[in-house]
Amino acid sequence: MAISQPNRKARGKRAAAERQRTLKQLREHAPSRDRGHPALAAPAPAPLPARYSLWATSLEELATRCGPHGEAAVQDALWGCVSVWLMHGPDAARLTNPRAVATTAVFLCQTADRVRLGYPSLSGNGFDDRLASLSPDAQGEARLVAAETLADWERADRPGLSSDTIKRTQQYIQACTQATPDQEIAA
């Protein structure tokens with residue numbers, strides 16, 4: 001007598017299910033004398049690989065990842081955040097100096113720091129240090145106003161300084177260094 005087609009399929013499925021017993025099922029149904037056996041022990045979970053981001057998320061990372069331009073990148077990121085904060089018009093009570101004076105001083109110090117620290121220029125033209133053209137007294141006053149404005153910005157909890165700002169600064173530095181691999185980067 002021949003076995004019908006549906007019974008053959010059912011027997012095949014049962015047999016496949018028997019063969020596919022999981023390790024968990026084997027552990028659960030093991031005799032009590034074998035339950036502590038190392039072969040039935042649960043494997044240790046594999047350690048997760050450390051996450052690595054291509055982009056810096058802190059000023060310290062920015063300084064290290066930008067190599068020789070690290071200090072310039074950090075300083076420019078800070079001055080850029082202060083400039084944006086001033087453009088958004090903080091309360092006059094938060095500022096030590098008038099906003100127009102603070103904005104000008106920050107701009108002059110930012111460009112002077114770009115030249116002094118060798119911040120790269122994507123266009124290759126470099127930056128114009130207008131602070132150097134002022135008298136020593138005016139330079140000192142501009143630096144003092146910029147330092148006070150930086151302190152005002154820090155008291156306001158450093159608005160605008162985020163991982164996105166740091167990432168954009170790093171991307172700019174990388175673009176400058178990759179755009180001119182054969183020639184010296186203009187500072």
Side-chain angles (χ1 to χ4, degrees), residues 47-92 94-187:
L48 295 174
R51 290 192 57 169
Y52 180 78
S53 174
L54 293 174
W55 310 114
T57 56
S58 68
L59 293 174
E60 293 79 20
E61 282 184 45
L62 181 65
T64 57
R65 292 189 184 191
C66 289
H69 302 292
E71 184 182 356
V74 168
Q75 196 61 42
D76 199 68
L78 293 175
W79 284 131
C81 289
V82 173
S83 294
V84 170
W85 178 64
L86 287 170
M87 283 185 241
H88 287 209
D91 296 334
R94 288 186 167 204
L95 293 173
T96 308
N97 298 292
R99 195 172 94 181
V101 173
T103 303
T104 304
V106 166
F107 172 75
L108 289 172
C109 288
Q110 182 179 19
T111 55
D113 283 349
R114 283 178 172 175
V115 171
R116 180 177 60 85
L117 297 172
Y119 192 75
S121 170
L122 192 56
S123 67
N125 295 334
F127 297 100
D128 184 23
D129 184 5
R130 295 182 184 171
L131 187 63
S133 65
L134 299 176
S135 69
D137 289 341
Q139 288 181 23
E141 186 65 28
R143 289 210 180 270
L144 177 65
V145 170
E148 289 172 346
T149 306
L150 183 63
D152 294 340
W153 173 75
E154 287 176 346
R155 275 193 299 277
D157 292 330
R158 296 177 154 198
L161 184 61
S162 65
S163 58
D164 288 336
T165 305
I166 293 169
K167 175 184 171 181
R168 280 193 301 274
T169 304
Q170 182 183 355
Q171 286 175 328
Y172 177 83
I173 296 289
Q174 285 182 346
C176 290
T177 55
Q178 291 171 359
T180 56
D182 298 336
Q183 57 188 341
E184 195 64 31
I185 297 173

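Residue numbers count from 1 along this sequence. Please read these numbers as outputs of a predicted model, since none were measured by experiment.
How far OG of Ser133 is from CD of Gln139: 8.0 Å, rounded to the nearest 0.5 Å. Here the CD-CH2 distance, from Gln171 to Trp55, works out to 4.5 Å after rounding to the nearest 0.5 Å. Going from atom CG of Leu131 over to atom OG1 of Thr104 covers 12.0 Å, rounded to the nearest 0.5 Å. With values rounded to the nearest 0.5 angstrom, Leu86 atom CG is found 11.5 Å from Cys81 atom SG.
Looking at heavy atoms from C-beta onward, Val82 lies out of side-chain contact with Leu78 at the 4.5 angstrom threshold. Proximity of Leu95 to Pro90: side-chain heavy atoms (C-beta onward) are separated by under 4.5 Å at one or more points. Taking the side chain as every heavy atom from C-beta outward, Gln174 and Leu54 never approach each other to under 4.5 Å. Contact annotation: the side chain of Leu161 approaches that of Ile166 to within less than 4.5 Å [non-hydrogen atoms, C-beta and beyond].
The side chain to side chain donor-acceptor pair (under 3.5 Å) search around Glu148 returns Asn97, not counting sequence neighbours. In terms of the side chain to side chain contact (heavy atoms under 4.5 Å, CB included) criterion, residue partners of Glu60 (sequence neighbours excluded) are, by chain and number, Ser58. For Tyr172, the ring-ring contact (aromatic ring centres under 6.0 Å, His included) partners are Tyr119, not counting sequence neighbours. Listed by chain and residue number, Arg116, Arg143 satisfy the salt bridge (charged side-chain N to carboxylate O under 4.0 Å, His left out) test with Asp113 (two or more places apart in sequence, or in another chain). Scanning for side chain to side chain donor-acceptor pair (under 3.5 Å) contacts around Thr103 gives an empty result, with sequence neighbours left out. Asp128 meets the salt bridge (charged side-chain N to carboxylate O under 4.0 Å, His left out) test with Arg130; sequence neighbours excluded. Residues satisfying the side chain to side chain contact (heavy atoms under 4.5 Å, CB included) test with Ala73, not counting sequence neighbours, are Leu62, Cys66, Thr169, Ile173. The salt bridge (charged side-chain N to carboxylate O under 4.0 Å, His left out) search around Arg99 returns none, not counting sequence neighbours. Applying the salt bridge (charged side-chain N to carboxylate O under 4.0 Å, His left out) rule to Arg158 yields the partners Glu154; only residues at least two apart in sequence or on another chain are considered. For the side chain to side chain donor-acceptor pair (under 3.5 Å) test, no residue two or more places apart in sequence or in another chain qualifies with Ser163.
Across all their heavy atoms, Pro120 and Cys176 have their closest contact at CB-CB, 3.7 Å. Minimum interatomic distance between Ala56 and Glu61 (heavy atoms only, all atoms of both residues): CA-OE1, 3.4 Å. The minimum heavy-atom distance linking Thr111 with Leu108 is given by the pair OG1-O, 3.0 Å.
Under a 3.5 Å cut-off, the side chain of Gln110 and the backbone N or O of Trp79 do not form any donor-acceptor pair. Distance alone, capped at 3.5 Å, places no donor-acceptor pair between the Arg168 side chain and the Ala77 backbone. Using a distance-only test at 3.5 Å, with no hydrogens or angles considered, a donor-acceptor pair links the side chain of Trp153 to the main chain of Pro159.
Counting only residues at least two apart or on different chains, no side-chain hydrogen bond (donor to acceptor under 3.5 Å, both in side chains) pair has a member in residues 81-90. Residue pairs meeting the salt bridge (charged side-chain N to carboxylate O under 4.0 Å, His left out) criterion with at least one member in residues 71-87, sequence neighbours excluded, are Asp76-Arg114.
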Could you walk me through whether Arg155 and Asp152 pass the salt bridge (charged side-chain N to carboxylate O under 4.0 Å, His left out) test, one step at a time? CA-CA 5 Å; Arg155 275 193 299 277; Asp152 294 340; 2.2 Å; yes
